[in-house]
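The next block holds one structure in the form of structure tokens; read it before the comments.
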Amino acid sequence: MAASTVRINLDGKPINPLTILMIGAGGFIGSHLCEKILQETPHKILALDVYSDKIKHLLEPDSLEWAGRIQFHRINIKHDSRLEGLIKMSDLTINLAAICTPADYNTRPLDTIYSNFIDALPVVKYCSENGKRLIHFSTCEVYGKTIGSFLPKDSPLRQDPAYYVLKEDTSPCIFGSIEKQRWSYACAKQLIERLIYAEGAENGLEFTIVRPFNWIGPRMDFIPGIDGPSEGVPRVLACFSNALLRREQLKLVDGGESQRTFVYIKDAIEAVLLMIENPDRANGHIFNVGNPNNEVTVRQLAEMMTAVYANVSGEPALEEPTVDVSSKEFYGEGYDDSDKRIPDMTIINKQLGWNPKTSLWDLLDSTLTYQHKTYAEAVKKVISKPTTS
Ligand SMILES: NC(=O)c1ccc[n+]([C@@H]2O[C@H](COP(=O)([O-])OP(=O)(O)OC[C@H]3O[C@@H](n4cnc5c(N)ncnc54)[C@H](O)[C@@H]3O)[C@@H](O)[C@H]2O)c1
Ligand SMILES: O=C(O)[C@H]1O[C@H](OP(=O)(O)OP(=O)(O)OC[C@H]2O[C@@H](n3ccc(=O)[nH]c3=O)[C@H](O)[C@@H]2O)[C@H](O)[C@@H](O)[C@@H]1O
């Protein structure tokens, strides 16, 4: 972008260049948001994270057209006195930092709760005390299970959207029992949402809460044994990509019957940029950000990814591309699942006029093309190495 072009917001007003503190900038969403902001706006980014691999291409070399508009701070927000200073220096703080992989929720529930609630507290407090705006990343998991999932299997009401569409201002948050530690993440996210909302109500904090619904695309998570731990379990896109790259069967947890709506990261980031640049329309709101048109069961996702990857790689799919596994075997004790996640889009449509564009097939095509280009050779090398006994 020509950084000098004057940008106009949805109300026709010029947008002043901002300094944005982005906490968790080195992650999947952060890396795409940094790219978008640097390429299309004049805003400056103070990028905070413990890792920078996913934004390395934006930080080096110094000759990049946006050099000087992004500054990396290797900081762990758990214990660093520089956090408040950075919040004070910025017009807006965006908090993305979290443990957000389901394999951790039931096996590392304390880390999950600390990361999603306790570690976010100082961020909220410093924004509130210093009169700074906050965009906080929550999750669609705060809705938990749908009301419809408690109806008898053959109830016609299960087909009624009133029993499954998830609305920011009216849907309840339905979690499982305490021993189902899967919900430690959703519960921590819900409590931080409530705290932010209360800071808004009692102390005037200017906030926006984002509830992402399965955003997927390049740079999501890691491929075990390549750029992450061999025994690590990332989210479903990376699990299935890993299996496809290794020509192994895709594992369907409890039959792959759960349903998800997937949205392309590049569509979703457009929504976040609208929030950043339209504070009058975004402040005080909680936004679902997803694509209600891209709903599949996890089994259907596996079948579609298998077909797309065969096209992309030119290698025929396995004869039996999937295998069923129990959730206990895959995730361990305490796992539970959301049955269905369809976002209601009324509020984001009304406030920001945002709609997702990319079909599931197209977003899988570009994402798996990226996965193949980035990882296929490395995976082949690892597979061909003789194993030591
Ligand atoms: N990707 C999705 O579809 C999705 C869906 C729902 C919610 N979210 C939420 O969006 C946010 C970002 O998700 P993501 O997919 O980019 O995850 P991610 O794991 O790729 O990114 C999170 C980043 O935060 C950093 N981080 C974590 N703890 C930190 C700490 N103490 N100090 C400094 N940095 C820290 C991590 O190093 C990582 O780079 C999270 O809050 C997540 O709960 C994401
Ligand atoms: O992305 C989101 O919107 C939110 O949901 C995700 O939770 P979930 O969708 O359950 O996590 P995935 O790992 O993407 O799993 C999706 C589904 O696929 C299944 N799965 C996963 C991996 C696998 O190899 N096989 C498999 O069948 C899971 O059991 C689950 O039903 C994560 O909790 C968060 O990143 C986020 O808050």
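For clarity, every value in this text was computed on a predicted model and none was experimentally measured. Order of listing sets the numbers, starting from 1, for every ligand and every atom in it.
A salt bridge links K78 to D119: at least one charged side-chain nitrogen sits closer than 4.0 Å to a carboxylate oxygen. For the pair R82 and D80, the salt-bridge criterion is met [side-chain N within less than 4.0 Å of a carboxylate O].
In this structure, OG in S128 is found 15.0 Å from CZ in R133, a value given to the nearest 0.5 Å. Interatomic distance, CD1 of I118 versus CG of D111, reported as 12.0 Å (0.5 Å rounding).
Nearest heavy atoms, R7 versus P42: CD-CD, 3.6 Å.
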Side chain to side chain contact (heavy atoms under 4.5 Å, CB included) between F207 and H136, intermediate numbers included: CA-CA 7 Å; F207 72 87; H136 185 83; over 6 Å; no

Below 3.5 Å only, please: the N or O atoms of ligand 2 paired with protein N or O atoms, distance on each line.
| from | atom 1 | to | atom 2 | distance (Å) |
| --- | --- | --- | --- | --- |
| ligand 2 | 1 (O) | N214 | ND2 | 3.4 |
| ligand 2 | 3 (O) | P212 | O | 3.3 |
| ligand 2 | 3 (O) | N214 | N | 2.6 |
| ligand 2 | 3 (O) | N214 | OD1 | 3.2 |
| ligand 2 | 5 (O) | E141 | OE2 | 3.4 |
| ligand 2 | 5 (O) | R341 | NH1 | 3.0 |
| ligand 2 | 7 (O) | E141 | OE2 | 2.8 |
| ligand 2 | 9 (O) | N214 | ND2 | 2.9 |
| ligand 2 | 9 (O) | R260 | NE | 2.8 |
| ligand 2 | 9 (O) | R341 | NH1 | 3.0 |
| ligand 2 | 10 (O) | R182 | NH2 | 3.1 |
| ligand 2 | 10 (O) | R260 | NH2 | 2.7 |
| ligand 2 | 13 (O) | V236 | N | 3.0 |
| ligand 2 | 14 (O) | V236 | N | 3.3 |
| ligand 2 | 25 (N) | K251 | O | 2.7 |
| ligand 2 | 27 (O) | K251 | O | 3.4 |
| ligand 2 | 27 (O) | V253 | N | 2.9 |
| ligand 2 | 29 (O) | Y335 | OH | 2.8 |
| ligand 2 | 31 (O) | D337 | OD2 | 2.6 |
| ligand 2 | 33 (O) | Y105 | OH | 2.6 |
| ligand 2 | 33 (O) | E141 | OE2 | 2.4 |
| ligand 2 | 35 (O) | C100 | O | 2.9 |
| ligand 2 | 35 (O) | R235 | NH1 | 2.7 |
| ligand 2 | 37 (O) | T139 | OG1 | 2.6 |
| ligand 2 | 37 (O) | Y185 | OH | 2.6 |

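Sorted by chain and number, the heavy-atom contacts of ligand 1 below 4.0 Å come from G24, G26, G27, F28, I29, L48, D49, V50, Y51, I75, N76, I77, L96, A97, A98, C100, F137, S138, T139, Y185, K189, P212, N214, W215, M220, R235.
Not counting sequence neighbours, the partners of F28 by the ring-ring contact (aromatic ring centres under 6.0 Å, His included) test are H32.
Members clustered with I178: none, using a 4.5 Å side-chain heavy-atom cutoff among hydrophobic residues.
The only member of R341, R235, E141 that meets side-chain hydrogen bond (donor to acceptor under 3.5 Å, both in side chains) when paired with N214 is R341.
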